[in-house]
Student: 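Pasting a structure here, questions to come.
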Number of protein chains: 2
Amino acid sequence: MKVTINDVAKLAGVSMKTVSRVINKEPSVRKKTYDIVMDAVNTLNYQPNLAARNLAGTSSFTVGLVYDNPNAYYVIDMQNGVLSRCKEEGYELVIHPCNYLDGNMEEDFKTMIKRSRLAGLVLTPPLSEQNSIIEMLDEMGIHYVRVLSGRPTEENQDTCIYVNDYAAAYEITAHLLSLGHKNIGFLCGDKEHKSTTERLEGYQAALKDHSIPLNDELIYEGQYSFESGVEGAKALLGESNPKNITALLGGNDEMAAGALFASRLMGIEIPQQLSITGFEDSPFSRQTWPKLTTAHQANDVISQHAARLLFRKTRGARNQDKDIITTFTPSLVVRESSGPTTA
Amino acid sequence: MKVTINDVAKLAGVSMKTVSRVINKEPSVRKKTYDIVMDAVNTLNYQPNLAARNLAGTSSFTVGLVYDNPNAYYVIDMQNGVLSRCKEEGYELVIHPCNYLDGNMEEDFKTMIKRSRLAGLVLTPPLSEQNSIIEMLDEMGIHYVRVLSGRPTEENQDTCIYVNDYAAAYEITAHLLSLGHKNIGFLCGDKEHKSTTERLEGYQAALKDHSIPLNDELIYEGQYSFESGVEGAKALLGESNPKNITALLGGNDEMAAGALFASRLMGIEIPQQLSITGFEDSPFSRQTWPKLTTAHQANDVISQHAARLLFRKTRGARNQDKDIITTFTPSLVVRESSGPTTA
DNA sequence: TAGAACATTGACAGCGTTGTCATTTTAACT
DNA sequence: AGTTAAAATGACAACGCTGTCAATGTTCTA
């Protein structure tokens with residue numbers, strides 16, 4: 001019933017250790033031996049036991065995915081990306097949702113790591129930006145890869161995956177400018193998120209490049225939530241839109257959806273009277289009315305590359321994956337929530 | 001650095017095996033011994049190694065969560081519920097998204113089970129309804145708990161958690177009837193989902209109990225998606241609402257959101273001209289305009305109980321959790337998308 | 001063609017637990 | 001107190017794999 005490495009060895013007529021070498025793709029196994037062993041593996045349908053591997057080996061076959069992000073779509077995409085890579089490489093994934101504000105996170109981490117010695121961790125924002133965590137991991141000697149909001153100039157190319165929110169925000173803003181908008185509001189997300197400042201700076205850079213003076217009164221500081229989007233739109237548009245805003249950049253899709261909601265309450269027509277854009281292209285940017293113009297962020301692809309980067313580190317010489325992309329720029333998706341100024 | 005069961009044993013002055021007994025909560029350990037050992041465990045901050053436990057023991061400490069559901073909110077909730085329980089019991093969770101249509105699922109399952117011998121599986125709909133899968137698992141002797149749409153009368157109370165969609169649909173329909181609606185449309189979800197027929201039957205039962213004749217023309221057969229909700233609303237309301245429908249029951253929140261979207265396109269005011277209701281109370285039922293009246297389904301609680309049920313089976317006598325709820329009925333949440341008939 | 005250098009393979013211990021079974025301690029009887 | 005049954009503990013071999021290091025094959029050099 002249960003087939004072990006010994007069964008394979010017997011069938012192939014080699015030692016246990018040679019089978020081990022084959023399934024671990026170690027070098028210095030003769031091609032012929034390799035084939036014989038693989039045949040045996042296939043006919044017996046052998047699957048190496050993870051627990052035994054983790055116990056016996058110095059490196060482990062489980063990776064952790066850590067997140068503190070309320071966005072279900074984001075999390076699922078990240079999971080699926082990492083998972084698909086894990087499957088290919090024969091790794092197991094342990095997911096670790098957490099709440100940074102909880103405080104006892106450090107303990108939590110240590111427990112997780114002790115219980116199942118991990119090959120490494122994929123950290124997603126905003127946790128990936130927390131220096132205290134990074135230091136802790138460095139101290140503990142845990143491998144990790146961080147997914148971060150940032151621009152290609154940054155260093156740490158071997159341990160970070162960057163999402164260029166700056167460029168994406170620039171592109172969205174440029175899109176609105178090209179439609180004739182001049183007074184563009186910005187609904188800022190959580191200040192603790194690096195993505196917030198990146199997006200804000202991209203927006204400002206675009207304005208500057210088009211010789212539009214910056215105006216702090218057009219910026220609402222909120223959180224990445226629907227409710228905050230509602231509040232932000234109300235705050236910026238006020239009673240009768242005194243600032244004469246014709247376009248609103250949402251910090252993310254949820255805020256944009258909130259702004260859409262608020263506009264509706266205020267009787268503002270979208271996009272005739274006001275353009276609204278999102279960020280991330282999560283499924284519900286297609287489920288609002290009208291559908292949101294936004295910046296598409298391929299989270300599953302991003303997390304796949306994060307996993308690949310991690311494996312490159314953990315597997316060392318055995319894996320020299322050269323095609324890893326370390327910088328991603330979300331790309332503009334124009335839908336119905338943005339249009340030319342009518343003013 | 002790394003503390004093992006031996007370190008604990010030494011410090012406590014007992015044998016390795018006794019420590020093992022304590023951490024496994026086996027009976028026949030003297031209270032005094034137990035305390036001494038626990039003290040040692042705590043001072044050393046000992047965490048049993050999962051790989052070793054899985055390898056040595058007959059039962060394993062990993063459970064799997066299997067799902068084939070496109071709804072991110074649902075999946076996250078299920079994960080978190082199971083996960084929270086796993087943490088308490090010292091189990092590890094392996095998530096297993098899959099695509100039933102892929103075909104090679106059986107192989108996929110077997111691989112997963114071989115690689116990390118599992119204590120058991122939590123199956124969520126629609127997979128949990130697939131007899132072929134259940135039979136396979138029975139054959140393989142794998143423990144599992146199914147989360148299913150169904151009514152309390154069903155058997156298998158020790159292996160299934162029921163979500164009473166029938167009652168919930170009944171309640172929503174009754175709500176609409178009480179508001180004066182008579183021509184109530186129904187946007188049917190995927191026919192393969194048990195929840196679809198349960199919800200449909202609940203709707204029909206409510207109508208019958210209020211002496212409203214059933215009319216198949218008011219039922220649209222679609223899928224549980226936003227797009228399908230759009231199509232369904234268009235199909236039922238047609239050019240000028242010839243069937244004189246005043247309320248629309250969405251098969252789930254997404255369909256309801258789609259119907260909302262379509263109504264907007266057709267210039268129909270919600271809820272003044274048309275009431276629309278959802279199902280599940282996923283976050284975005286609060287992010288539509290107007291917010292959706294829906295049936296709240298506590299997925300995290302449901303999955304927690306599923307996990308508890310599973311542990312009761314796998315741990316046998318060691319765990320006699322008596323407070324497991326096996327039937328959940330989603331409860332009506334009235335928001336702004338439903339209102340009295342104006343006709 | 002001998003000998004060195006290198007490539008390939010194998011024997012065996014050990015990873016940190018739990019299961020089995022033997023041993024010791026305690027409790028419960030006469 | 002002496003016996004017996006029951007409860008509590010311990011010794012030690014697994015579990016299925018990988019790391020180490022020694023043993024064997026193979027190729028190259030002179």
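Order of the sequence lines fixes the chain letters, A, B, ..., with proteins taken first and strands second; residue numbering starts at 1 for each chain. For the numbers below, each heavy atom of this structure counts, side chains included, while hydrogens, waters and symmetry mates do not.
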Student: Measure from the side-chain heavy atoms of A:T58 and tell me the nearest of C:dT17, D:dG19, D:dC17.
Tutor: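 From the listed options, D:dG19 comes nearest.
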Student: Partners of A:D39 by side chain to side chain contact (heavy atoms under 4.5 Å, CB included), sequence neighbours excluded?
Tutor: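 None.
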Student: Would you mind listing every ring-ring contact (aromatic ring centres under 6.0 Å, His included) that reaches into residues 109-128 of chain A, with sequence neighbours excluded?
Tutor: A:H96-A:F109
Student: Looking for any heavy atom pair under 4.0 Å, which part of the strands does B:K32 touch: base, sugar-phosphate only, or nothing?
Tutor: nothing
Student: Encode nucleotides 7-12 of chain C as B, S and - characters from 5' to 3', where the letter depends on protein heavy atoms closer than 4.0 Å: B to the base, S only to sugar-phosphate, - to neither.
Tutor: -SBBBB
Student: Would you please name every residue forming a salt bridge (Lys or Arg N to Asp or Glu O under 4.0 Å) with B:D7, sequence neighbours left out?
Tutor: none
Student: With sequence neighbours excluded, give me every side-chain hydrogen bond (donor to acceptor under 3.5 Å, both in side chains) pair touching residues 42-54 of chain B.
Tutor: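 As it turns out, the side-chain hydrogen bond (donor to acceptor under 3.5 Å, both in side chains) pairs with a partner in residues 42-54 of chain B, which skip direct neighbours, are A:K114-B:N45, B:N24-B:R53.
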Student: Closest approach to the side chain of A:S20, judged atom by atom: which nucleotide of C:dT18, D:dT18, D:dC17 is it?
Tutor: D:dT18
Student: So, using ring pair (Phe, Tyr, Trp, His ring centres under 6.0 Å) as the criterion, who are the partners of B:Y73 when residues are at least two apart?
Tutor: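 Applying ring pair (Phe, Tyr, Trp, His ring centres under 6.0 Å) to B:Y73 gives A:Y73.
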Student: Is the NZ or CZ atom of A:K313 both under 6.0 Å from the centre of the six-membered ring of A:Y144 and within 45° of that ring's axis?
Tutor: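 Yes, A:K313 lies over the aromatic ring of A:Y144.
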Student: Please classify the nucleic acid contact of A:K114 as base, sugar-phosphate, or nothing, using heavy-atom distances under 4.0 Å.
Tutor: nothing
Student: Between atom CG in A:N54 and atom C1' in D:dT18, what is the gap in whole Å?
Tutor: 11 Å
